[in-house]
Amino acid sequence: MAFQDNTGFARRTILAGGGAAVLAAPAVQAQPAPIKIGLVSVLTGPAAALGTHLRDGWMLGMRHLDNKLGGRRVETLVIDDELRPDVAVTKVRAALERDKVDFIVGVVFSNILGAIVRPVTDAGTFLISTNAGPSTLAGRGCNPYFFTTSYNNDQVHSVMGQVAQDANYRRVFVMTPNYQAGRDAVAGFKSKFQGTVVDEVYVPLTQMDFSAELARIASLRPDAIFTFMPGGPGVNLVKQYRQAGLATIPFLSTFTVDESTLPAQGEAALGFYAAASWAPNMDNAANQLFVRDFEGVFNYVPATYAAQSYDAARLLDSAVKKVGGNLTDKNALRAAIAAADFQSVRGPFRFGVNQYPVQDFWQLQVARRADGRFQTETVRKVLSNNTDPWVGDCRMPVRI
């Protein structure tokens with residue numbers, strides 16, 4: 001029979017005649033402790049759809065990797081930040097100090113990332129953002145313990161600035177939430193758009209009624225609007241925009257019409273434009289596998305939040321392999337992450353010196369698929385092999 005002793009190893013006992021003979025068990029090599037991941041996402045409130053995509057993208061990555069990174073078992077601790085910076089800090093500190101997580105991964109919103117980045121990196125723990133990419137961490141605030149598999153916020157929004165410029169729009173109305181990512185959105189758009197911004201409106205992150213802003217748009221009659229309005233507010237804005245009869249004014253957006261919001265927006269979003277470094281219809285083997293299996297497991301179309309989290313799992317798997325499963329040498333681990341030796345669902349992908357991606361960006365448009373579901377699809381590549389505008393200000397230390 002077999003039993004467990006207090007060391008956790010199994011010993012075998014065989015009964016022979018009236019006595020017991022204990023056979024020496026073969027040497028058993030101790031298995032390394034599982035790698036612990038603190039996965040931070042917003043899973044309550046109007047923005048929970050975004051956080052669900054982020055969580056599920058990571059979980060599919062783990063499923064494809066047999067729940068291992070570099071051959072080592074993984075335990076994922078899901079942390080709901082509730083879109084409250086104080087709550088996020090409290091929960092992340094507990095994950096670092098009590099649960100001894102090896103990596104913090106995730107984060108949808110930049111205000112949450114801004115709150116937790118110091119506690120995580122000051123603890124000597126790597127933080128891999130799979131969505132938030134504020135300019136504050138891309139330039140002078142770059143950090144050797146911080147990587148992102150998404151983008152610098154400015155980049156995605158600059159795509160729409162270039163789209164507006166290429167379309168020869170002269171007058172554009174701009175509206176975003178009043179927080180760091182919203183300000184980054186405006187800066188990114190203006191970096192490429194050379195026309196006139198007829199009004200620049202900042203609204204509370206939780207605003208759900210846009211009647212006053214839509215009346216302002218109707219009175220100004222701009223050539224187009226540009227907006228960054230993620231989650232629940234974006235759902236309401238798109239529906240109210242269509243209901244107000246404003247759809248003849250081109251709707252240029254980022255993180256407003258995407259796979260996290262389209263199930264709720266439906267036909268109201270058809271034809272509206274978006275920008276991203278990825279879309280579900282991208283034609284490469286890694287992406288086809290990801291989208292097929294994601295829809296098979298979760299029964300909905302993945303958004304960028306899911307794709308970037310899936311890439312984070314593949315990234316960390318490649319890094320842990322490179323260091324032979326040894327996470328103690330921080331410089332070696334950092335170099336292994338920076339190598340980005342994995343197949344991204346986006347195609348070409350590498351890190352700049354500030355540990356933000358260098359990648360292509362696309363103009364997308366909302367379409368209805370043959371199966372009736374809605375998704376964004378590529379229209380054209382707008383920026384190629386693009387490096388964020390802040391990288392020149394980063395003075396990244398060679399060693400930690």
Side-chain angles (χ1 to χ4, degrees), residues 46 153-258 260-262 264-276 361-368 374-380 382-383:
N153 289 343
D154 297 26
Q155 289 176 289
V156 188
H157 311 301
S158 73
V159 173
M160 273 306 163
Q162 189 64 56
V163 167
Q165 189 64 28
D166 292 346
N168 204 31
Y169 297 142
R170 294 294 180 232
R171 303 171 62 254
V172 175
F173 180 97
V174 172
M175 179 169 61
T176 73
N178 188 21
Y179 76 120
Q180 183 63 49
R183 292 185 287 275
D184 284 348
V186 174
F189 180 82
K190 287 181 174 179
S191 72
K192 300 291 185 181
F193 178 62
Q194 299 174 18
T196 300
V197 174
V198 295
D199 204 352
E200 187 173 311
V201 177
Y202 295 91
V203 302
L205 183 58
T206 56
Q207 181 165 322
M208 302 298 282
D209 179 13
F210 297 91
S211 54
E213 291 78 16
L214 295 178
R216 177 70 171 157
I217 293 169
S219 68
L220 290 171
R221 301 302 300 178
D223 296 331
I225 76 160
F226 166 70
T227 186
F228 156 66
M229 202 66 62
V235 171
N236 281 18
L237 173 61
V238 166
K239 288 182 174 180
Q240 292 168 22
Y241 192 85
R242 181 76 70 174
Q243 290 166 358
L246 296 174
T248 55
I249 301 174
F251 189 96
L252 312 181
S253 71
T254 47
F255 310 106
T256 306
V257 291
D258 63 24
S260 70
T261 55
L262 286 174
Q265 292 163 336
E267 291 187 359
L270 271 176
F272 285 10
Y273 291 106
F361 288 89
W362 299 74
Q363 179 184 1
L364 312 177
Q365 189 170 26
V366 177
R368 192 202 310 266
F374 296 91
Q375 70 179 22
T376 54
E377 298 181 351
T378 54
V379 175
R380 67 183 180 100
V382 179
L383 303 176

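Treat the numbers as computed from the prediction; the structure is a model and nothing was measured.
With rounding to the nearest 0.5 Å, the separation of CE in Met160 from CD1 in Ile225 is 11.0 Å. Atoms CG and CZ, from Asp166 and Arg380 in turn, are 4.5 Å apart once rounded to the nearest 0.5 Å. Put simply, CD on Gln265 and OG1 on Thr256 are 8.0 Å apart, with the number rounded to the nearest 0.5 Å.
Panel note: side chain Asn178, backbone Tyr202; no donor-acceptor pair is recorded below 3.5 Å. Side chain of Asp184 to main chain of Asp154: no donor-acceptor pair is present (N/O by atom type, distance under 3.5 Å, no hydrogens or angles). A donor-acceptor contact shorter than 3.5 Å is absent between the side chain of Gln165 and the backbone of Phe193.
Of all heavy-atom pairs spanning Glu267 and Arg242, the tightest one is O-NH2, 3.7 Å. Between Thr376 and Val257 the shortest heavy-atom distance is CG2-O, 3.6 Å. Across all their heavy atoms, Pro177 and Phe228 have their closest contact at CD-O, 2.8 Å. Thr176 and Gly182 get closest at one heavy-atom pair: OG1-O, 3.2 Å. For Val198 against Pro222, the heavy-atom pair with the smallest separation is CG2-CB, 4.2 Å. Here the closest non-hydrogen pair linking Phe173 and Val201 is CZ-CG2, 3.6 Å.
Scored by the ring pair (Phe, Tyr, Trp, His ring centres under 6.0 Å) test, Phe226 finds Phe189 as partners (sequence neighbours excluded).
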Practice task
Step by step, work out the side chain to side chain contact (heavy atoms under 4.5 Å, CB included) result for Met229 and Asn236.
Solution key: CA-CA 10 Å; Met229 202 66 62; Asn236 281 18; over 6 Å; no
Exercise for the section: For side chain to side chain contact (heavy atoms under 4.5 Å, CB included), just list the numbers for Val159 and Trp362, CA-CA rounded to whole Å, side-chain angles, deciding distance to a tenth of an Å, and then say yes or no. Expected result: CA-CA 7 Å; Val159 173; Trp362 299 74; over 6 Å; no
Exercise for the section: Output, in order, the C-alpha distance, side-chain angles, deciding distance and verdict of side chain to side chain contact (heavy atoms under 4.5 Å, CB included) for Ser158 and Leu383. Expected result: CA-CA 9 Å; Ser158 73; Leu383 303 176; 3.6 Å; yes
Problem - Thr261 and Phe255: CA distance, side-chain angles, deciding distance, side chain to side chain contact (heavy atoms under 4.5 Å, CB included) verdict - result: CA-CA 9 Å; Thr261 55; Phe255 310 106; over 6 Å; no
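Residue pairs meeting the salt bridge (charged side-chain N to carboxylate O under 4.0 Å, His left out) criterion with at least one member in residues 192-211, sequence neighbours excluded, are Lys190-Glu200, Asp199-Arg216.
Leu270 is listed as a side-chain neighbour of Arg368, based on a closest heavy-atom distance under 4.5 Å.
Inspection of the Glu377 and Gln375 side chains reveals an N or O donor paired with an N or O acceptor under 3.5 Å.
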Under 3.5 Å, which donor-acceptor pairs do the side chains of residues 245-254 form with other protein atoms, sequence neighbours left out?
{"residue": "Ser253", "atom": "OG", "partner": "Tyr273", "partner atom": "O", "Å": "2.8"}
{"residue": "Thr254", "atom": "OG1", "partner": "His157", "partner atom": "ND1", "Å": "2.8"}

